[in-house]
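Here's the structure we're looking at; comments come further down.
Each chain gets a letter, A, B and so on, in the order its sequence line appears, and its residues count up from 1.
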2 protein chains.
Amino acid sequence: MSFSGKLRKHKNAPEPTLRRLPVYLYFLEKVREEGTINISAPVIGKNLKCDPTQVVKDLSVTGIKGKPRVGYNTYELIHALEEYLGFNRTNEAFLVGAGNLGSALLAYQDNQSLGIKLIAAFDVDTEIIGTSIGSIHVLEYNKMFHLANRLNVEIGVLTTPNHVAQKVAEDMVNCGIKAIWNFTSAILDLPDNIIVQNTSLSTSVAVLLRRLNDSEK
Amino acid sequence: MSFSGKLRKHKNAPEPTLRRLPVYLYFLEKVREEGTINISAPVIGKNLKCDPTQVVKDLSVTGIKGKPRVGYNTYELIHALEEYLGFNRTNEAFLVGAGNLGSALLAYQDNQSLGIKLIAAFDVDTEIIGTSIGSIHVLEYNKMFHLANRLNVEIGVLTTPNHVAQKVAEDMVNCGIKAIWNFTSAILDLPDNIIVQNTSLSTSVAVLLRRLNDSEK
DNA sequence: GCACAATCGAGAATTTTTTCTTTATTAAAA
DNA sequence: TTTTAATAAAGAAAAAATTCTCGATTGTGC
Ligand SMILES: NC(=O)c1ccc[n+]([C@@H]2O[C@H](COP(=O)([O-])OP(=O)(O)OC[C@H]3O[C@@H](n4cnc5c(N)ncnc54)[C@H](O)[C@@H]3O)[C@@H](O)[C@H]2O)c1
Ligand SMILES: NC(=O)c1ccc[n+]([C@@H]2O[C@H](COP(=O)([O-])OP(=O)(O)OC[C@H]3O[C@@H](n4cnc5c(N)ncnc54)[C@H](O)[C@@H]3O)[C@@H](O)[C@H]2O)c1
């Protein structure tokens, strides 16, 4: 099991595949912009430096069929990937902790879709409350409880300091939030039905440093 | 193969293990602060909600031996993990693109170690050049070429807009940078000996949304 | 229209990762 | 001191993921 969060088996796609799908999606969006109508697995593989048969296997989870000697229809494939990943739905989310990282995520909203849409941000710092980051207002933390009920938001993004993360996460759960995207290093202890997606940057650093060290001898 | 970057086999630890190690490390630092001297794999497993035999196998890559009925020495294990991951070394890095995300990473430096140490930031925006974020000055982009030679930096953090990422990455390589931590969505095409660690947030979102959808039916 | 080359798709084989089992060690209890 | 229970370690088994192989299909050129 991985530490990305609580274990839950996906009948459909293996997690490694799932993690690759957004990369295909980004690549396909780029080639579509360039006017490419059809693209084959070997071409995708060459660009993304990965095995073409894996490309075929990965993309098969979308249900889209490619044609021999032609490949996949770019538009169709993009649509199916967005559908499969849920990126075409709104996926409204709250963000708590509009500090350094939280602000970056809020500002990112305007430019490009992340797959989820932050619709409100909450903080306890009176300096920050009332300001707007991107197009999103930062509200007083206590307002979360009231708004959550009204808006029926299911996703919470957690970017507070580590030491308050557990408390804030519990509050989120009490607000009806079903899935937490956790950027803190805190190990959250929550009911089993709550989905916790941990996104620790140290994980990336660990892999990077090890590859760097391995390459140097 | 995963899209985290170019493939390179680790004789020692499997990549899934490598990604879990920083989580153990964070947890162990927390329990050490609480005064715990020894900790066993079953206890770690219970806290981190994972299989205890996997904990044993994962931690074995550090070379640290645990004692039956006692567990591991917390201090010794932390030290070995830091050593293994390279987190105790300085790992100096340049950051290019001191925008929303770049600033957040720069500001993060002061508080807590990420495993790498940003020693300089570069940008092309004259509004940003000359300012300081955290304790790091943002310098004019062209200065990178001169400084890199002098400081012998091997790691570059890439947080520019997507459309300039390839160009900036090539510049980094020309500066002698060996490993790039890429936060952009761009698919970088660089010489084979350059390590590219892609850290796309969409990947996390994809897994989160799928788990959320799966849980709802 | 027919041969040919490219490539998808499905399943087999291989490799990697996780989980299970067994054994040996250790500290605490009797 | 001896017994007992907990647990690490090592290896086996199982599961998962990747890569390989081969047959089927489709467009291109002859
Ligand atoms: N900044 C980064 O680049 C970075 C990178 C990786 C991980 N992280 C993690 O992300 C988290 C946030 O980091 P940051 O650098 O943005 O910190 P930060 O201090 O800049 O931001 C935290 C924000 O949370 C707010 N906050 C504090 N207590 C709160 C509460 N009880 N309820 C609601 N809001 C509260 C603060 O007012 C602040 O605005 C930390 O856990 C950090 O470890 C940050
Ligand atoms: N902000 C986020 O939360 C977030 C999340 C995920 C991914 N990303 C990715 O990170 C990257 C940066 O995002 P951001 O929101 O920080 O963007 P941003 O526009 O705030 O920052 C980009 C910075 O790069 C600088 N820049 C532009 N061209 C440059 C060049 N040629 N050389 C050096 N610097 C240059 C700009 O001046 C700016 O300061 C993007 O690729 C984005 O997709 C951002």
If you look at every strand shown and take non-hydrogen atoms under 4.0 Å, does A:Pro52 touch a base, only sugar-phosphate, or nothing?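 Nothing, no nucleic acid heavy atom in range.
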Measure the distance from [atom1] on [X] to [atom2] on [N] and round it to the nearest whole Å.
X: B:Lys49; N: C:dT18; atom1: NZ; atom2: C1'; answer: 20 Å
X: A:Asp58; N: D:dA16; atom1: CG; atom2: P; answer: 17 Å
X: B:Leu59; N: D:dA9; atom1: CG; atom2: C1'; answer: 13 Å
X: B:Ile44; N: D:dT7; atom1: CD1; atom2: C1'; answer: 12 Å
X: B:Lys46; N: D:dA6; atom1: NZ; atom2: P; answer: 11 Å
X: B:Asp51; N: D:dA14; atom1: CG; atom2: C1'; answer: 13 Å
X: A:Glu15; N: D:dA17; atom1: CD; atom2: P; answer: 8 Å
X: B:Gln54; N: D:dA10; atom1: CD; atom2: C1'; answer: 16 Å

Of the listed nucleotides [options], the one nearest the side chain of [X]:
X: B:Thr53; options: C:dT7, C:dT21, D:dT19; value: C:dT21
X: B:Ser40; options: D:dT7, D:dA17, D:dT19; value: D:dT7
X: B:Val56; options: C:dC8, D:dA9, C:dC20; value: D:dA9
X: A:Lys57; options: D:dT19, C:dC8, C:dT18; value: D:dT19
X: B:Pro42; options: C:dT18, D:dA17, D:dT7; value: D:dT7

Residues forming a salt bridge (charged side-chain N to carboxylate O under 4.0 Å, His left out) with B:Lys117, sequence neighbours excluded: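 By the salt bridge (charged side-chain N to carboxylate O under 4.0 Å, His left out) rule, B:Lys117 matches no residue at all.
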Donor-acceptor contact present, side-chain [X] to main-chain [Y], <3.5 Å:
X: A:Thr184; Y: A:Pro161; result: no
X: A:Thr36; Y: A:Val31; result: yes
X: B:Thr203; Y: A:Arg20; result: no

Would you tabulate the side-chain donor-acceptor contacts of residues 77-86 of chain A under 3.5 Å, counting partners in other chains and residues two or more places apart, or write 'none'?
from, atom 1, to, atom 2, distance (Å)
A:Glu83, OE1, A:Asn88, ND2, 2.9
A:Tyr84, OH, A:Ala13, N, 3.4

Using a 3.5 Å cut-off and no angle test, enumerate the donor-acceptor pairs between side-chain atoms of residues 61-73 of chain A and protein atoms at least two apart in sequence or in another chain.
from, atom 1, to, atom 2, distance (Å)
A:Thr62, OG1, A:Leu59, O, 2.7
A:Thr62, OG1, A:Ile64, N, 3.2
A:Asn73, OD1, A:Tyr75, N, 3.2
A:Asn73, OD1, A:Glu76, N, 2.8

Let me check something: any side-chain donor-acceptor pairs from residues 167-176 of chain B under 3.5 Å, sequence neighbours excluded? List them with distances.
from, atom 1, to, atom 2, distance (Å)
B:Lys167, NZ, B:Asp171, OD1, 3.1
B:Lys167, NZ, B:Asp171, OD2, 2.9
B:Glu170, OE2, B:Gln166, NE2, 2.6
B:Asp171, OD2, B:Tyr141, OH, 2.7
B:Asn174, ND2, B:Glu170, O, 3.4

Can you list, in residue-number order, the parts of residues 30-38 of chain A that come under 4.0 Å of DNA chain C, counting heavy atoms only?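 Those residues whose heavy atoms fall under 4.0 Å from DNA chain C, taken from residues 30-38 of chain A, amount to none.
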Please list residues of residues 60-79 of chain A whose heavy atoms come under 4.0 Å from any atom in DNA chain C, ordered by number; otherwise none.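 Contacts with DNA chain C under 4.0 Å: A:Lys65, A:Gly66, A:Lys67, A:Pro68, A:Arg69, A:Gly71, A:Tyr72.
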Of the options A:Phe145, A:Phe122, A:Trp181, which is the one that meets A:Phe94 in a ring-ring contact (aromatic ring centres under 6.0 Å, His included)?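 The option that passes is A:Phe122.
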Is it the case that B:Thr53 and B:Asp51 place a side-chain donor and acceptor less than 3.5 Å from each other?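 There is such a pair between these side chains.
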